[in-house]
There are 2 protein chains.
Amino acid sequence: MPSEAVDDYLKAIYEIAGDEGRASTASLARKLSVAPASVTGMLQKLAQRKPAPVQYQKHRGARLSEHGKLRALEVIRHHRLIELFLHRVLGYSWDEVHDEAERLEHAISEQLEDRIAERLGNPEVDPHGHPIPRKDGSIPTRRDMSLLEAFVGSETTVSRVSDSNPEMLRYLAGLGISPGTKIKLTGRAPFDGPLTLEIGNSRKKQALGPTVAGEIRVTPPLNGKGKG
Amino acid sequence: MPSEAVDDYLKAIYEIAGDEGRASTASLARKLSVAPASVTGMLQKLAQRKPAPVQYQKHRGARLSEHGKLRALEVIRHHRLIELFLHRVLGYSWDEVHDEAERLEHAISEQLEDRIAERLGNPEVDPHGHPIPRKDGSIPTRRDMSLLEAFVGSETTVSRVSDSNPEMLRYLAGLGISPGTKIKLTGRAPFDGPLTLEIGNSRKKQALGPTVAGEIRVTPPLNGKGKG
DNA sequence: TCCAAAGTTTAGGTCGCCCTAAATTATGAT
DNA sequence: ATCATAATTTAGGGCGACCTAAACTTTGGA
């Protein structure tokens, strides 16, 4: 069994670079709040385990092996199942689940993972709308796009929001924005300015800075995608 | 926050010696599967923390301080709440809960502890019949006694069984013995021989070795206690 | 094309928790 | 009261994951 530290590295690589790309030493150091030198050391060790969860080349960062990719997805599956479980079964609000899940994801057994999934009806998305990887490592997909790329005038549905910033989550909740909320994009200021939207059934217009908007993904009701 | 290792030491001291007595270096080494020398080293360090969770004197083992006692009870509270939660909410059988709880007890937050307790209706005993310490460190009490000390001929109710041996738990479950089961003690062989009993409503007699019987505690229906 | 800034690696070290082997101290049976 | 045996402690290390400081590559803009 990999240690918590190793799991954190694999998850970080996956979140930075997906299952194909490379994650640089510096980006991992930032994400893990660890000195770059520590990252180099850890990656070197991981790369010569058998089976090796990562491939590593000097100055070119790390890439997940098939083995490492599956482990990363398993940990992410744990995380998201736990988030949903805390939300549905224990009444956590969506801004409270992340930190708790961060610790529990390392502590649950395969059996508990299965029972939680079963109890939740084998769900495909967590409370923030992120897909929950399946046991075989495949990922439920939906067509969605960044709110930043939506056409002005289109009516869309929020599919997911970033999960790791509780403050932003509370802000969004305050605006009534969560997965499933309908959003009509009514305007876009030039040069990365704020967007204006109508949220849900309210007629009120709301401006949203580009940073926040970039964390929101939406599915259009029917039509395609593109920048308006 | 104490580390997992420290929590394990405190819990072990509590389980060996309670909140008053001393636990010897050797007994801790056995319980924790660690070399005696490691125990000595750890106890010496713990004794000079501030606040110190244990008091330590050469050759006389360790004793919990008030601070350490409260922490030990908190961890035990976690453990037993988790056991009951796994049993009630996720369908675990009682022989499956211990190992899972052993890992989770270190990972849950105060908040999760509270939500679990609330969800379970602030229970006082776990699936094995062990009392769940309250948040203030007090312990729900019931009058009960070892089955070994019960009168021959008395009709009693099982109040609790040891939790840490899954094999024994499955054996007992196979016999139909769990907290709440009625037991009539029909005979006792001399010199630590087996007991004979009638279990529940069945008329069948069952012999039980003294080791197993020692792990079972019972509450008599009305009358006092004593050896028959 | 060159070179400063950014990124990366090496070297040397810390801390927590564990180990074995050897020395010491306590205990209780005679 | 003695002394073998059991319990405990000391000494000297190991390993995993982290650190800083200093040296070294790589890269992209002038």
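- A cation-pi arrangement is absent between R119(A) and F85(A) under the rule of less than 6.0 angstrom and at most 45 degrees off the ring axis.
- The pair R115(A)-E96(B) meets the salt-bridge criterion, with a side-chain N (NZ, NE, NH1 or NH2) lying under 4.0 Å from an Asp/Glu carboxylate O.
- Within residues 42-59 of chain A, the residues having any heavy atom closer than 4.0 Å to DNA chain C are, in order of number, Q44(A), Y56(A), K58(A), H59(A).
- Taking the charged nitrogens against the carboxylate oxygens, E105(A) and K11(A) do have a contact shorter than 4.0 Å, which makes a salt bridge.
- Summarising the geometry, the separation between CD on E4(B) and P on dA17(D) is reported as 14 Å, rounded to the nearest angstrom.
- Between the OH atom of Y9(A) and the C1' atom of dG16(D) there is a distance of 11 Å, rounded to whole Å.
- V34(B) comes within 4.0 angstrom of sugar-phosphate atoms only, judged by non-hydrogen atoms across all strands, and of no base.
- The T25(B) side chain lies nearest to dT8(D) when the options are dC19(D), dT8(D), dA17(D).
- Among the nucleotides dT8(D), dC18(D), dT9(C), the one closest to the side chain of T40(B) is dT8(D).
- Looking at R160(A) and P131(A), their side chains come closer than 4.5 Å, going by heavy atoms from C-beta outward.
- Considering V54(A), L73(A), V75(A) as possible partners of L10(A), the one that fulfils the side-chain contact (heavy atoms from CB on, under 4.5 Å) test is V54(A).
- Between D114(B) and K135(B) a salt bridge is recorded (basic side-chain N to carboxylate O distance below 4.0 Å).
- Each of R30(B) and A37(B) was matched to the nucleotide of DNA chain D holding its nearest heavy atom; the match closer to the 5' end belongs to R30(B).
- For the salt bridge (Lys or Arg N to Asp or Glu O under 4.0 Å) with D7(B), the qualifying choice from R103(B), R71(B), R77(B) is R71(B), the only one to do so.
- Protein atom CZ of R60(A) is 10 Å distant from nucleotide atom P of dT26(D), rounded to whole Å.
- A26(A) comes within 4.0 angstrom of sugar-phosphate atoms only, judged by non-hydrogen atoms across all strands, and of no base.
- Residue contacts for S38(B): at a heavy-atom cut-off of 4.0 Å it reaches a base atom on one of the strands shown.
- The CG atom of L28(B) sits 15 Å away from the C1' atom of dC17(C) (whole-angstrom rounding).
- For S3(A) and dA17(D), the shortest distance from a side-chain N or O to OP1 or OP2 is below 4.0 Å.
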